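As the structure is a computational prediction, the values presented were derived from the model and not from experiment.
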Amino acid sequence: MRIPDFKLERYFARWEFAAPYTLCSSDIEGWKMRELLALAEPDALARWEELTLGYTEAPGLPALRLEIAALYQGVAPEQVLTFAGAQEAVFILMNVLLGPGDHAVVTWPGYQSLHEVARATGADVTLLPLREEDGWALDVDALRRALKPQTRIVVVNFPHNPTGALPDRKTFQALCALCDERGIYLLSDEVYRLLEHDPKDLLPAAVELSPRAFSLGVMSKAFGLAGLRVGWLVCRDEDVLRRCMAYKDYTTICNSAPSEVLALIALRAKERVLARSRALLASNLALLDAFFARHADTFHWVRPRAGSVAFPRLLREQHVARFTDALVQREGVLLLPGDVYDFPGNHFRLGLGRTSLPEALTRLERFVTDTR
């Protein structure tokens with residue numbers, strides 16, 4: 001396999017642990033171990049204290065798969081397959097489903113692996129642009145026009161990274177119906193699901209709407225546990241799950257035993273875990289609303305509807321990559337230029353989920369004022 005460098009990850013490799021303020025992180029502030037263990041009920045705590053550091057069951061800890069299945073309507077634990085993060089799940093599913101002669105349609109901008117892994121299998125890939133002037137909305141008619149007779153999979157990511165967009169229920173149902181009608185698989189990257197800024201906007205998971213859909217989840221985003229590296233695919237197609245399981249024999253084979261138990265603790269306490277995430281996002285969004293109102297001459301932003309990222313646009317003549325580079329050099333505040341998505345328009349990714357956002361925003365505001 002030949003695959004291009006992952007531009008976002010290479011950018012983070014340079015700056016993520018060097019910059020004092022990461023204002024573009026896509027996840028929620030990570031939990032401290034002692035705080036997470038304090039949430040454990042007796043069974044999970046006993047599992048932790050008596051844990052043997054050996055190999056684990058390849059599909060995932062049965063108790064963990066049971067808790068993951070409970071996040072969805074009408075899903076059985078046998079329809080859940082766990083992975084070392086969402087990235088492994090994407091890699092394996094693309095290699096199981098796609099090859100030369102196949103075609104995929106993928107929303108864009110987006111996480112690079114969602115389209116580059118598909119390309120690396122030999123498949124043809126069409127990027128489906130989301131447009132700022134449309135509020136980053138999904139255009140189902142444009143998707144329909146992008147489909148070909150050889151289209152095998154459509155890949156979407158809602159709540160969306162990096163824009164924070166979220167379709168309405170009618171649009172999402174139309175997406176699922178279109179894929180069913182054409183006999184096309186749907187990979188729905190739902191790693192930000194449960195972080196809707198208005199709870200009424202929660203959509204059904206794609207797996208709940210279509211037998212040809214795969215819902216992708218992970219502990220990294222809504223649950224603030226990126227360090228566990230636990231992700232999953234949920235689907236009702238037993239044959240595809242079996243083939244993914246066989247492919248996993250060549251990647252991680254099984255998950256980390258400690259990570260599985262810690263994920264179990266978090267999912268059994270999910271209401272408290274999610275309440276922490278949502279409270280942090282609400283507080284930070286209020287600060288960002290005021291910030292962008294004060295600096296409407298410098299930035300344009302479409303307020304995100306869900307998730308922990310947004311994709312504002314710099315209105316200056318200066319290229320956004322020069323702006324972000326000068327900012328991190330002078331103030332130690334890291335933003336992610338839209339160049340890493342190869343997306344035009346002077347956008348940058350902004351992260352909403354870290355406790356350091358207030359101080360980082362103060363430094364960004366000082367930089368904006370001093371360089372006006």
Side-chain angles (χ1 to χ4, degrees), residues 21-41 67-68 70-73 86 111 135-136 157-169 172 188-206 208 215-228 230-232 234 262-293 301-312 349-361:
Y21 300 93
T22 306
L23 192 53
C24 55
S25 297
S26 62
D27 59 342
I28 297 291
E29 183 83 20
W31 281 77
K32 290 182 170 59
M33 178 72 86
R34 66 177 181 274
E35 295 171 346
L36 181 60
L37 289 176
L39 300 179
E41 39 71 48
E67 293 299 329
I68 293 170
L71 297 173
Y72 306 90
Q73 294 291 325
Y111 198 57
W136 304 114
N157 162 220
F158 295 111
H160 186 250
N161 178 3
T163 69
L166 184 68
D168 59 35
R169 183 177 293 247
F172 196 67
S188 181
D189 176 349
E190 297 167 359
V191 298
Y192 292 98
R193 189 168 181 264
L194 306 177
L195 290 184
E196 294 74 21
H197 302 321
D198 183 339
K200 296 192 298 294
D201 290 336
L202 175 66
L203 296 172
E208 298 171 4
S215 286
L216 177 70
V218 76
M219 297 304 298
S220 304
K221 308 302 184 184
F223 298 99
L225 291 165
L228 297 188
V230 172
W232 58 85
V234 183
L262 293 170
L264 179 66
I265 291 171
L267 288 176
R268 286 182 174 174
K270 60 180 175 290
E271 295 307 324
R272 283 178 287 174
V273 172
L274 291 170
R276 169 188 180 268
S277 299
R278 292 164 180 158
L280 181 56
L281 288 177
S283 174
N284 283 345
L285 270 171
L287 294 176
L288 287 165
D289 284 335
F291 172 84
F292 284 113
W301 93 315
V302 176
R303 194 180 196 271
R305 295 185 62 204
S308 54
V309 288
F311 206 44
R349 191 177 79 182
L350 180 69
L352 320 178
R354 294 295 178 89
T355 57
S356 61
L357 182 141
E359 174 62 22
L361 207 57

Close side-chain approach of [X] to [Y], heavy-atom, < 4.5 Å:
| X | Y | result |
| --- | --- | --- |
| Ser308 | Leu281 | yes |
| Arg169 | Pro204 | yes |
| His197 | Leu166 | no |
| Ser26 | Tyr111 | no |
| Leu202 | Arg193 | yes |

| query | Residues two or more places apart in sequence or in another chain: which of them pass ring pair (Phe, Tyr, Trp, His ring centres under 6.0 Å) with Phe291? | reply |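 Phe291 satisfies ring pair (Phe, Tyr, Trp, His ring centres under 6.0 Å) with His295, Phe299 only.
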| task | Name all residues meeting the ring pair (Phe, Tyr, Trp, His ring centres under 6.0 Å) criterion together with Phe223; count only those two or more places apart in sequence or in a different chain, and write none if there are none. | result |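 Scan of Phe223 (ring pair (Phe, Tyr, Trp, His ring centres under 6.0 Å), adjacent residues dropped) gives none.
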| task | Identify the heavy atoms of Phe311 and Thr163 that sit nearest to each other, and give their distance. | result |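 For Phe311 and Thr163, the tightest heavy-atom pair comes out as CB-CA, 3.8 Å.
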| task | Determine the minimum heavy-atom distance between Ala86 and Val191, stating which atoms define it. | result |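 Nearest pair, atom of Ala86 first, then Val191: CB-CG1, 4.2 Å.
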| message | Checking Glu190 against Leu203 for the side-chain contact (heavy atoms from CB on, under 4.5 Å) test, could you report, in this order, the C-alpha distance in whole Å, the side-chain angles of both residues, the deciding distance, and whether it holds? | response | CA-CA 10 Å; Glu190 297 167 359; Leu203 296 172; over 6 Å; no
| Taking only residues two or more places apart in sequence or in another chain, which ones pass side chain to side chain donor-acceptor pair (under 3.5 Å) with Trp136? |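 So Trp136 forms no side chain to side chain donor-acceptor pair (under 3.5 Å) with any residue.
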| query | So which pairs with a foot in residues 27-36 pass side-chain hydrogen bond (donor to acceptor under 3.5 Å, both in side chains), sequence neighbours left out? | reply |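 For residues 27-36, and leaving out neighbouring residues, the side-chain hydrogen bond (donor to acceptor under 3.5 Å, both in side chains) pairs sorted by first residue read Asp27-Arg354, Glu29-Thr355.
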| task | Please collect all salt bridge (Lys or Arg N to Asp or Glu O under 4.0 Å) contacts where either partner lies in residues 274-291, sequence neighbours excluded, each pair once. | result |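 Matches after skipping sequence neighbours: Asp289-Arg303.
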| message | Looking at Glu196 and Asp201, would you say the former's side chain and the latter's main chain have a donor-acceptor pair under 3.5 Å? | response |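 The answer is no, because no donor-acceptor pair under 3.5 Å joins these two groups.
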| query | With sequence neighbours excluded, what pairs up with Ala266 under the side chain to side chain contact (heavy atoms under 4.5 Å, CB included) test? | reply |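 So Ala266 forms a side chain to side chain contact (heavy atoms under 4.5 Å, CB included) with Leu36, Met219, Leu225, Val273.
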| side-chain contact (heavy atoms from CB on, under 4.5 Å) between Leu267 and Leu71: does it pass, once the steps are laid out? | CA-CA 9 Å; Leu267 288 176; Leu71 297 173; 4.2 Å; yes
| message | For a side-chain contact (heavy atoms from CB on, under 4.5 Å) check, start with the C-alpha distance between Leu195 and Ile28, then their side-chain angles and the critical distance, and finish with the verdict. | response | CA-CA 10 Å; Leu195 290 184; Ile28 297 291; 4.2 Å; yes
